[in-house]
Engineer: 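Here it is, the structure in full.
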Amino acid sequence: VDLPPIKAGGVASVSVGLEGASTTDVVTASLSSLGDAMVFVSARVAADGRALVLFRNEGEEAVDAAKGVLRVAAAAFG
């Protein structure tokens, strides 16, 4: 996934194919390059088979998101 740098106070999002995912699933996402950066990651299934991942940088420095590995998983709830 080609993510742009996330500037301080900025947001970025990416759409990821997620085979078998349903809009009722619970989703988790992580980005390996974040380390101790104050970046909040949120994800949801936006449409069957596709997740939307949002990154919000609450830190004081930009984060080079492109050098990390993005992992997204969905699981049925209930």
Engineer: Show the atom names and distances, to 0.1 Å, of all donor-acceptor pairs under 3.5 Å that link a side chain in residues 6-13 to residues at least two apart or in another chain.
Structural biologist:
none

Engineer: Taking side-chain hydrogen bond (donor to acceptor under 3.5 Å, both in side chains) as the definition, give me every residue that meets it alongside Arg71, ordered by chain and number, with sequence neighbours left out.
Structural biologist: none

Engineer: Using a side-chain heavy atom cutoff under 4.5 Å and only I, L, V, M, F, W and Y, what cluster partners does Leu52 have?
Structural biologist: none

Engineer: I'd like to know whether Leu3 forms a side-chain contact (heavy atoms from CB on, under 4.5 Å) with Phe55, so could you lay out the CA-CA distance, the side-chain angles of the two residues, the decisive distance to 0.1 Å, and finally the verdict.
Structural biologist: CA-CA 10 Å; Leu3 289 168; Phe55 303 91; 3.9 Å; yes

Engineer: Using residues 23-47 as the side-chain source, report each donor-acceptor pair under 3.5 Å to any protein atom, sequence neighbours left out, with the distance given to one decimal.
Structural biologist:
residue, atom, partner, partner atom, Å
Thr24, OG1, Ser22, OG, 3.3
Asp25, OD2, Ser22, N, 2.9
Ser32, OG, Val69, N, 2.7

Engineer: For residues 49-59, pull every pair meeting side-chain hydrogen bond (donor to acceptor under 3.5 Å, both in side chains), keeping only residues two or more places apart or in separate chains.
Structural biologist: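 Sorted result for residues 49-59: Ser15-Arg50, Arg56-Glu58.
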
